[in-house]
Amino acid sequence: MTSAKAANRLQLTVALGLLLFLQFYVRPRLFEGRYAPDFVMIGLVLLALRSGPGVGALAGFLVGLASDALSPARFGAAALANTMVGYLAAQTRAFFFADNVLVNAGFLFGAVWLRDLIVLVASGSGDQGLATSLLIDAPLQALTTALAGTVLLVLFGGWFRIRLDQQ
Amino acid sequence: MARGTERWESRRDTWLFAGCMLLSVVALLMPASWGTTVAAALRTTALAPFVWLQELAAEGRTSRSRFRAVASERDSLAELSRTLSGLVEENAQLRSLLDLTVRTGPGFIPAEVLHQTLPTDGRTLLLDAGRADGVSALDPVVTPEGLIGAVREVDQHTSIAMTWAHPEFRVSAVSANGQVAGIVGPTSTGDASRTSLEFRAITYRDTLADGAVVVASGLGGVYPRGVPVGTVVGVEREQQGWERVYRLRPAAQPSVAGHVLILHGATPLRIPAAFAVRPDSTDSMPAAPPAAVAAPQAAPMDSAAKARRRRRLRADSVAAAAAAEAAGPAEPAASPPPAMPPAAVPAVGDTGGGTR
């Protein structure tokens with residue numbers, strides 16, 4: 001049992017490392033512009049779904065802090081947004097069958113959209129810009145993120161699978 | 001027992017969430033300077049490997065995609081440099097005849113833009129050049145198309161640029177012919193990829209035609225005179241019959257910029273010529289494409305055209321030199337570039353305008 005848990009943790013660590021590599025090396029090489037998939041968000045949502053609300057919130061806070069440091073338009077906005085996303089993603093797994101690939105894609109879509117909403121509101125965007133961003137830009141980025149997440153889950157689904165004994 | 005553990009885990013989750021939320025709100029509400037310090041500390045320590053990885057990726061992508069463009073620009077510049085040496089020599093002779101000091105040369109640092117996934121990316125940009133490369137705070141950041149913004153924070157190997165899409169951005173600007181001066185700032189639409197610019201504080205009697213090019217005026221000392229800021233696309237609003245606000249189409253887009261130049265040190269030489277802004281043109285005339293890029297496509301110049309061009313350059317140099325001479329015995333560091341006619345230089349001191 002203990003060795004199985006250790007193997008699961010190792011798989012999860014490798015998968016999260018892979019997502020970080022995709023975010024900081026593959027994404028800038030392959031994609032340009034705002035609509036590139038957010039691999040860190042994929043990692044955050046999948047970790048939150050697997051680990052629980054507390055760990056989800058903590059991981060969201062750390063991811064948000066890193067985002068704020070790299071794009072400091074309004075320090076703290078991304079930390080707030082990602083904390084809420086991490087916590088809510090973990091809470092909502094109680095209401096859905098979170099091992100389903102399509103449900104995960106839906107989670108990812110909602111997470112990116114919610115993150116953008118909170119970041120834009122917290123950083124004081126105007127009404128017109130907020131509407132444009134939430135109705136056009138955020139859904140497009142959310143869609144690419146959900147698609148990328150689906151592909152990753154199909155390839156590495158076993159590594160992120162939620163096990164009932166860990167819930 | 002199991003219920004007790006469950007309750008403890010639930011309580012732990014709630015406390016973790018509440019703690020993270022509290023810290024986030026504190027980060028959001030604390031003074032901007034503290035946030036800047038924390039962000040810089042994170043970038044240079046925990047996030048340094050990720051920034052390095054992204055720098056590698058950006059270099060790899062741009063080096064491939066820009067290779068052909070750079071090769072054609074190099075060919076164009078090689079062609080131009082053949083005729084330039086004579087002009088430089090001639091300019092030096094004329095300047096010595098007029099007792100002018102030697103004009104300082106350009107200083108710029110190329111940098112890749114490391115885009116992030118947040119919707120506010122575009123208001124601030126992470127650049128892969130820092131203090132070690134010679135970047136300083138308030139250095140202007142430009143692309144071949146025009147002004148992007150200015151450096152706000154500098155780390156050892158990276159820096160943060162505040163772009164024109166940032167709500168706090170302002171630049172003192174003037175129409176390309178130097179007749180209409182005002183302040184350019186972003187509209188309040190918020191999203192960096194959708195934001196446009198406003199040309200404010202224009203007196204009601206001054207009018208600008210659609211298509212007029214607006215450039216940085218050089219006042220305030222941050223942005224050098226002549227860097228294109230945007231093109232007039234209409235009147236945004238009029239206030240009480242005393243002020244007109246024009247809407248500008250930005251010259252450069254921060255959210256899609258992949259490679260920028262950080263102007264550093266001495267005021268760059270002939271800024272309007274570098275961006276091919278024509279100050280002697282009418283306001284409605286759009287800017288010509290940059291000379292270095294346009295040269296390969298241009299028809300070969302005949303000898304008469306070359307002679308006319310040389311005469312015009314000589315006339316411009318003498319006119320600018322005379323203007324500088326009239327302003328004082330020694331040339332100031334931020335004097336108007338030679339391509340500007342004397343009439344284009346507003347009679348105001350270096351006290352207003354630019355964003356600090």
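This structure is a prediction, so every number in the text was calculated from the model and none was measured. Naming: A, B, ... by sequence-line order, numbering from 1 per chain.
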J.: Give me each pair satisfying salt bridge (Lys or Arg N to Asp or Glu O under 4.0 Å) with a member in residues 26-46 of chain B, each pair once, sequence neighbours excluded.
T.: B:R43-B:E153, B:R43-B:D155
J.: Please identify, among A:V26, A:D116, A:L30, the residue contributing the most non-hydrogen atom pairs under 4.5 Å to chain B.
T.: A:D116
J.: Could you give me the CA-CA distance, side-chain angles and deciding distance for B:R123 and A:R74, then say whether side-chain contact (heavy atoms from CB on, under 4.5 Å) is met?
T.: CA-CA 10 Å; B:R123 292 188 196 179; A:R74 185 80 168 88; 5.8 Å; no
J.: With a cut-off of 6.0 Å (strictly less than), are more than 12 heavy atoms of other residues, nucleotides or ligands near CZ of B:R12?
T.: yes
J.: Output yes when a side-chain donor or acceptor of A:R29 lies under 3.5 Å from a complementary backbone atom of B:A58, and no otherwise.
T.: no
J.: If you round to the nearest 0.5 Å, how far is OG1 of B:T117 from CE of A:M41?
T.: 7.5 Å
J.: Counting heavy-atom pairs closer than 4.5 Å to chain A, which one of B:R152, B:E55, B:M30 comes out on top?
T.: B:R152
J.: Can you tell me how far the CZ atom of B:F17 sits from the CG atom of A:L58, to the nearest 0.5 Å?
T.: 12.5 Å
J.: Verify the neighbour count for atom CZ of B:R249: are there more than 12 heavy atoms of other residues, nucleotides or ligands below 6.0 Å?
T.: no
J.: When only pairs under 4.5 Å are counted, which of A:L62, A:V112, A:L80 shares the most heavy-atom pairs with chain B?
T.: A:L80
J.: Looking at CG of B:L125 and OG of A:S71, how far apart are the two atoms once the value is rounded to the nearest 0.5 Å?
T.: 8.0 Å
J.: Using non-hydrogen atoms and a 4.5 Å limit, figure out which bit of B:V26 sits close to chain A: side chain, backbone, both or neither.
T.: neither
J.: Shorter than 4.5 Å, heavy atoms on both sides: which option in A:G60, A:G76, A:A78 has the most such pairs with chain B?
T.: A:G76
J.: At a 4.5 Å cut-off on heavy atoms, which part of A:L65 comes close to chain B: side chain, backbone, both, or neither?
T.: both
J.: Can you tell which part of B:L47 gets under 4.5 Å to a heavy atom of chain A, answering side chain, backbone, both or neither?
T.: side chain
J.: Report the distance from atom CG of B:D121 to atom OG of A:S67, rounding to the nearest 0.5 Å.
T.: 10.5 Å
J.: Rounded at 0.5 Å granularity, tell me how far CZ in A:F24 sits from CG in B:L56.
T.: 13.5 Å
J.: So which of A:A138, A:G64, A:A57 has the biggest tally of heavy-atom pairs under 4.5 Å with chain B?
T.: A:A57
J.: Step by step, work out the side-chain contact (heavy atoms from CB on, under 4.5 Å) result for B:Q54 and A:Q23.
T.: CA-CA 8 Å; B:Q54 198 171 354; A:Q23 174 80 4; over 6 Å; no
J.: Relative to chain A, which of B:A18, B:A27, B:A40, B:A57 shows the most heavy atom pairs under 4.5 Å?
T.: B:A57
J.: Does any pair with a residue in residues 40-83 of chain A pass ring pair (Phe, Tyr, Trp, His ring centres under 6.0 Å), and if so which ones, sequence neighbours excluded?
T.: none
J.: Heavy-atom pairs under 4.5 Å with chain A - which of B:L16, B:L126, B:L53 has more of them than the others?
T.: B:L53
J.: Once you round to the nearest 0.5 Å, how far does CG of B:L118 lie from CG of A:D38?
T.: 8.0 Å
J.: Report which part of B:L23 has an atom under 4.5 Å of a heavy atom belonging to chain A: side chain, backbone, both, or neither.
T.: both
J.: Side chain, backbone, both or neither: which part of B:H115 has an atom under 4.5 Å from a heavy atom of chain A?
T.: backbone
